[in-house]
Amino acid sequence: HSFPTRRSSDLIFAELQQIRQDTQHLSLALEKLEKVPADNNADEKICQAKIDAIEEVVVQREETNRSLITLYEKLYDAIR
């Protein structure tokens, strides 16, 4: 069983940081959802679909964050 070298650990860490900081798609999705009408004149199904879509975007990002934390933990354990 081989352990990551310091250089490979740095590369892995840099990639994880990039994933963690890349929230442009999240912001873009939320911007687009903001444009969907959700006022008193909007169809109830449209409003619910907007709520569901926003929830899904946030849930998926949180799952990504949990996965990153798990990877950080494994990386930390491997290099200490």
Side-chain angles (χ1 to χ4, degrees):
H1 190 266
S2 65
F3 292 97
T5 65
R6 182 69 182 151
R7 178 160 162 66
S8 65
S9 296
D10 288 344
L11 291 172
I12 293 168
F13 184 72
E15 288 292 323
L16 292 172
Q17 286 289 91
Q18 184 175 353
I19 292 168
R20 185 183 62 82
Q21 293 172 351
D22 181 14
T23 59
Q24 181 179 4
H25 64 285
L26 180 63
S27 297
L28 183 60
L30 293 174
E31 274 180 39
K32 287 182 179 184
L33 286 168
E34 284 177 6
K35 294 177 183 176
V36 175
D39 56 22
N40 291 337
N41 298 324
D43 183 302
E44 187 177 325
K45 288 181 182 179
I46 292 172
C47 292
Q48 188 59 52
K50 180 176 180 174
I51 291 166
D52 293 345
I54 291 170
E55 178 183 22
E56 185 63 21
V57 167
V58 173
V59 165
Q60 291 300 318
R61 184 60 190 182
E62 287 306 309
E63 287 182 15
T64 298
N65 288 339
R66 281 193 292 275
S67 295
L68 285 171
I69 289 168
T70 300
L71 287 171
Y72 283 131
E73 289 170 345
K74 289 179 180 182
L75 179 59
Y76 176 76
D77 289 343
I79 62 175
R80 66 180 169 130

Which residues pass the side chain to side chain contact (heavy atoms under 4.5 Å, CB included) test with L68, not counting sequence neighbours? L16, I19, R20, T64, N65, Y72

Contacts of type side-chain hydrogen bond (donor to acceptor under 3.5 Å, both in side chains), residue Q48, not counting sequence neighbours: D52

Scanning both residues in full, the closest heavy-atom pair of Q21 with R61 reads N-NH2, 4.4 Å

Take atom CD of Q18 as the centre, draw a 6.0 Å sphere, and report whether it contains more than 12 heavy atoms from other residues, nucleotides or ligands. no

Who are the side chain to side chain contact (heavy atoms under 4.5 Å, CB included) partners of Q24, not counting sequence neighbours? D22

Interatomic distance, K74 atom NZ to T70 atom OG1 [nearest 0.5 angstrom]: 7.0 Å

Indicate yes or no: at least one non-hydrogen side-chain atom of K50 is less than 4.5 angstrom from one of I46. no

